[in-house]
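Take a look at the structure set out below.
Each chain gets a letter, A, B and so on, in the order the sequences are listed, and its residues count up from 1.
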Amino acid sequence: MPELPEVETIRRELEREAVGKRIKSVEVHGTRTVRRQTKKAFIAKLEGTKITAVSRRGKYLVLKLDSGDVLLIHLRMSGQLRRATPKEPVAKHTHVIITFTQGGQLRFVDPRTFGELFVTAKDELTAEVPELAELGFDPVEDPISWTTFGQQLMSRQMKLKAFLTDQTIIAGLGNIYADEILFAAGLRYDRQTDSLSTQEIRRLYRAVVETLHEAIKYGGSTLDDEQYVDLNGKPGEFQEHHKVYNREKLPCYRCRRATISKAKFGGRSTYFCEVCQV
DNA sequence: CGATCTACCTGATGGC
DNA sequence: TGCCATCAGGTAGATC
């Protein structure tokens with residue numbers, strides 16, 4: 001489900017909703033959501049702490065705690081964070097419930113159970129969270145220059161879509177936004193990274209940054225299955241602005257001649273215009 | 001080392 | 001109706 005714009009939308013809401021609140025109690029159901037530490041340890045590290053800040057690295061939410069630890073949340077394919085009150089019925093697939101001393105709750109709901117929550121400490125020497133060390137730059141939080149971006153492209157031999165979705169190079173892009181970015185840049189998903197001209201590099205980098213900012217403005221993308229919703233259960237609106245994703249056989253908005261093609265790349269669907277992307 | 005595949009799950013959808 | 005195959009926003013880990 002969620003890529004950078006959806007996670008950023010949730011981050012902004014959490015900043016208003018969770019920062020300054022103290023965790024009174026934590027419930028964990030099932031064995032898959034909290035899996036790299038015991039439930040007991042996870043709960044013990046959370047209860048009694050106050051959330052002091054919410055940041056994001058790529059698709060990870062980073063909740064800073066006044067204990068010095070951080071709560072990391074990754075939604076993977078179907079994870080949702082939902083605001084609730086204790087009286088509200090607990091939805092199916094609710095795996096974690098955090099209750100604040102003020103009375104509100106934050107619930108983690110995840111049908112496919114790929115999502116994950118864990119509490120970890122920052123490295124004392126680097127002040128970094130070791131789990132995030134492998135991530136590449138975040139194009140919204142931590143943009144780089146287009147020339148540095150170009151050096152990264154030129155130093156590899158891979159296809160553009162693989163480059164864009166490699167979290168160790170760029171953190172936060174997934175299947176939807178990679179396709180939208182490549183369309184905005186007029187580049188095919190299977191172009192080799194080291195084949196781009198200077199102008200194409202600039203266009204691609206600009207498309208990365210602009211597409212993400214635009215998507216954040218619209219609260220991210222929600223597909224037909226409504227798997228992505230924000231803290232209040234509200235879907236995003238950027239899907240209405242998709243130019244290629246999920247538009248197979250529909251006319252291309254740019255050239256108006258071709259229809260959008262669908263191909264398989266890396267085991268997943270890729271949407272593009274044969275005419276506008278070269 | 002890099003590229004490619006498979007597995008991890010539930011649920012929606014479509015063909016027969 | 002039901003049964004089966006396919007597909008879905010992601011990524012770790014095995015394999016080549």
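Applying the side chain to side chain donor-acceptor pair (under 3.5 Å) rule to A:E237 yields no partners; only residues at least two apart in sequence or on another chain are considered. With sequence neighbours excluded, no residue satisfies ring pair (Phe, Tyr, Trp, His ring centres under 6.0 Å) with A:F108.
Contact record, A:G150 with A:I201: CA-CG2, 3.6 Å, taken as the closest heavy-atom pair. Looking at every heavy atom in both residues, A:D110 comes nearest to A:G79 through OD1-N, 3.3 Å. Here the closest non-hydrogen pair linking A:P139 and A:I170 is CG-CG2, 3.5 Å.
Residue pairs meeting the side chain to side chain donor-acceptor pair (under 3.5 Å) criterion with at least one partner in residues 41-53 of chain A, sequence neighbours excluded, are absent. The stretch residues 93-104 of chain A participates, sequence neighbours left out, in these side chain to side chain donor-acceptor pair (under 3.5 Å) pairs: A:T99-A:Q105. Under the ring pair (Phe, Tyr, Trp, His ring centres under 6.0 Å) criterion, the residue pairs touching residues 180-200 of chain A are A:Y189-A:F265, A:Y189-A:F272, with sequence neighbours excluded. Residue pairs satisfying the side chain to side chain donor-acceptor pair (under 3.5 Å) criterion with at least one member in residues 255-276 of chain A, sequence neighbours excluded, are listed as follows: A:K161-A:T270, A:R188-A:E274. Listed by first and then second residue, the ring pair (Phe, Tyr, Trp, His ring centres under 6.0 Å) pairs involving residues 148-169 of chain A are A:F149-A:F163, A:F149-A:Y205 (not counting sequence neighbours). Judged as a salt bridge (charged side-chain N to carboxylate O under 4.0 Å, His left out), the pairs with a partner in residues 10-30 of chain A (not counting sequence neighbours) are, in order, A:E8-A:R11, A:E8-A:R12, A:R11-A:E15, A:E17-A:K21, A:E17-A:R83, A:R22-A:D66.
Consecutive Watson-Crick or G-U pairs involving DNA chain B, each under 3.5 Å on both distances, make up stems of three or more pairs at B:2-8 with C:10-16, B:10-16 with C:2-8.
The 5' end of DNA chain B is approached more closely, in terms of each residue's nearest nucleotide, by A:R156 than by the other of A:G267 and A:R156.
Rounded to whole Å, the distance from CZ on A:R32 to P on C:dG10 is 17 Å. As rounded to whole Å, 18 Å separates atom P of C:dA8 from atom CD of A:E226.
The pair A:D194-A:R156 does not meet the salt-bridge criterion, since no charged nitrogen lies less than 4.0 angstrom from a carboxylate oxygen. In this structure, A:R36 pairs ionically with A:E116, as a charged nitrogen and a carboxylate oxygen lie closer than 4.0 Å.
Among the heavy atoms of the strands, none lies under 4.0 Å from A:F238. Residue contacts shown for A:K92 are limited to sugar-phosphate atoms, with no base heavy atom under 4.0 Å away.
Checking the phosphate oxygens (OP1, OP2) of C:dA8, a side-chain nitrogen or oxygen of A:S269 falls inside 4.0 Å.
Spacing of P atoms, B:dC9 relative to C:dC3, comes out at 23 Å, to the nearest Å.
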Distances for protein N or O near nucleotides 11-13 of chain C N or O, under 3.5 Å:
{"residue": "C:dT11", "atom": "OP1", "partner": "A:H74", "partner atom": "NE2", "Å": "2.9"}
{"residue": "C:dT11", "atom": "OP2", "partner": "A:K59", "partner atom": "NZ", "Å": "2.8"}

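Near DNA chain C, defined here as any heavy-atom distance below 4.0 Å, there are no residues from residues 136-144 of chain A.
Taking 4.0 Å as the cutoff to heavy atoms of chain A, we find the contact window on DNA chain B bounded by B:dA3 to B:dG11.
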